[in-house]
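First listed ligand is number 1; within each ligand, the first listed atom is number 1.
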Amino acid sequence: MNSNYEIVVGLEVHAELSTETKIFCGCKNKFGSEVNTNVCPVCMGLPGTLPVLNEQVVEYAIKMGHALNCKINGTTKQDRKNYFYPDLPKSYQISQFDIPLCENGYLDVLVGDEVKRIGVTRIHIEEDAGKLIHDDKMGGTLADYNRCGVPLIEIVSEPDIRSADEAKAYLDTIHTTLLYLGISDAKMQEGSVRCDVNVSVRPAGSTEFGTRVEMKNVNSFSAAHRAITYEAARQIKVLEEGGTIQQETRRWDDVKGVNVLLRSKEDAQDYRYFPDPDLLTFTVAQEKIDALKAEIPELPVAKTMRYMADYKLSRADSELLALNKNTAAFFEAVLATGKCEPKSVSNWILGDIYKVLNERRCEITELALTPANLAEMISLIEKKTISNAAGKTVLEVILDTDKDPNEIVKEKGLAQVSDTGALNAIVEKVLANNEKAVADFKNGKTNVVGFLVGQCMKESRGKGNPAMLKEMVVAAIEKM
Ligand code: ADP
Ligand code: MG
Ligand code: ZN
């Protein structure tokens, strides 16, 4: 990246809301149904039908507004955005123009170790369009209207983002926030979250913005990162060669890693927005707005910061724990038992348990594992009743049964041997069988102690207390 330039990015994120029914009719809001089965005269745009606003859409959007620290406009309206395209049978999309439901907010995101505040211009509600299926077999295009009328929120950021990394952090945080609020399934691969990326560059130190280019067809957050890096470099090259940037829309091709011109500003459409006469103004009572605010849980970035401050966990670990609300709740429930250290709980969840969740592609709540059992198992290690290795054996059992870890330790004979007499016998035997290692130790190669302790552990069939064995091995050699 040429350091004489600064990148400026603004993002428009569309998220499908996971309501039961569509925004203006009773059709199911469901992904993956047989084509054109979740449709009715309203969402097909037939003449003479009347849309009725789904209250749940408004509530979900207000929740997102609260999560992003927005002002909520209790009285607002809906507008028609007019354009023709075959995926939009009405030839207009019901959206919000000059009075969005939420505006003037911000989102704090973590970039590296720093908190960066990104302004949120507005969040408005609107309906999704259908999907066109291009079918080579019949040499034509088919239209699936199941997605028509699926509720969306559009979240528009201020041009406050200064790098591809910041953009990625912002998008990731929007994503986890949607999941925390339970208002969207936020599945990128199903297109539930999509984003348009606006990029400009300017000479470092300049206070004026450069001309922006908008990119469409950015289908994942990592693609957004690549698209921004590419577009910024393209603009800098144009400027360095004495050219100027045109305001235009370009299409990102993630496979080729390039973008191509889609339309210039001159081709920009005039959407002839006007208030939808079928819907008119609506008002949400202040008590309702306040009640929705009270339902907002602690959000991922706040959680991450709290884990770092209160539990002295690293940023990376805190962020991973906070990423998924179920995992975070589980972590907190284990700590609430007061039986074990945050660091060991974090290590077990992010290590062995995460591995299982990845293998089984499931949530922590789907395991039989309970916070109480995990806490008990970890406390047995911390009390040195069992070794770390024995802890793994216990975990294997409690992942899938609600069996008391103490029972498992008894049944499988996993308790650590801390009895000096028994351990002494083992140390003597191992030292006698490993004269060379003992000699090496005496000659200053003190790291062979690891090998000797390993032999003792083997001799004890994994049950010896390794810390005690180490002390005893060293003491015994020194006495020799
Ligand atoms: P449009 O309807 O043309 O897409 P919007 O107002 O919906 O316009 O979105 C504009 C987006 O572009 C916002 O996210 C905003 O932050 C961003 N933006 C505006 N100016 C710039 C700029 N100079 N460089 C980068 N992004 C910008
Ligand atoms: Mg736009
Ligand atoms: Zn319908």
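- Within a 6.0 Å radius of CZ in Phe209, other residues, nucleotides and ligands contribute more than 12 heavy atoms.
- Distances below 4.0 Å separate heavy atoms of Glu158 from the following atoms of ligand 1: 16 (O).
- For ligand 1, the polar-atom distance check finds no N/O of Val9 at less than 3.5 Å from any of the ligand's N/O atoms.
- In terms of N/O distances under 3.5 Å, ligand 1 is not approached by Val156.
- At least one N or O atom of Ser200, backbone or side chain, sits closer than 3.5 Å to an N or O atom of ligand 1.
- Summarising the geometry of Ser18 relative to Gly182, their closest heavy-atom pair is OG-O, 3.9 Å, with the distance given to 0.1 Å.
- For the residue pair Ser192 and Asp185, a side-chain donor N or O sits within less than 3.5 Å of a side-chain acceptor on the partner.
- Side chains of His14 and Glu12: no donor on one and acceptor on the other come within 3.5 Å.
- The distance cut-off of 2.8 Å around the Zn ion (ligand 3) captures these protein N, O or S atoms, sorted by chain and number: Cys25 SG, Cys27 SG, Cys40 SG, Cys43 SG.
- Side chains of Glu363 and Asn326: a donor-acceptor N/O pair is present below 3.5 angstrom, by distance only.
- For Leu11, every heavy-atom contact with ligand 1 shorter than 4.0 Å involves the backbone, none the side chain.
- Listed by chain and residue number, Glu103 satisfy the salt bridge (Lys or Arg N to Asp or Glu O under 4.0 Å) test with Lys71 (two or more places apart in sequence, or in another chain).
- Inter-residue side-chain proximity for Leu181 and Ile296 is flagged as met; some heavy-atom pair is nearer than 4.5 Å.
- The side chain of Glu214, and not its backbone, has at least one atom closer than 4.0 Å to an atom of ligand 1 (non-hydrogen atoms only; side chain from C-beta on).
- Cation-pi contact between Lys81 and Tyr271: present, with separation from the ring centre below 6.0 Å and deviation from the ring axis of at most 45°.
- A distance below 6.0 Å separates the ring centres of Phe331 and Tyr311.
- Residue Val8 touches ligand 1 through backbone and side chain together, judged by heavy-atom distances below 4.0 Å.
- Short contacts between ligand 1 and Phe209, defined as distances under 4.0 Å to a heavy atom of the residue, involve ligand atoms 23 (N).
- Those atoms of ligand 1 with a heavy atom of Gly210 less than 4.0 angstrom away are 23 (N).
- Figure legend: Arg80 and Phe274 shown without cation-pi pairing, the cationic atom not lying both under 6.0 angstrom from the six-membered ring centre and within 45 degrees of its axis.
- Selection from Glu154, Lys81, Arg122, Arg212 by nearest heavy atom to atom 20 (N) of ligand 1 gives Arg212.
- Side-chain contact annotation: Ser95 with Gln78, donor-acceptor N/O pair under 3.5 Å absent.
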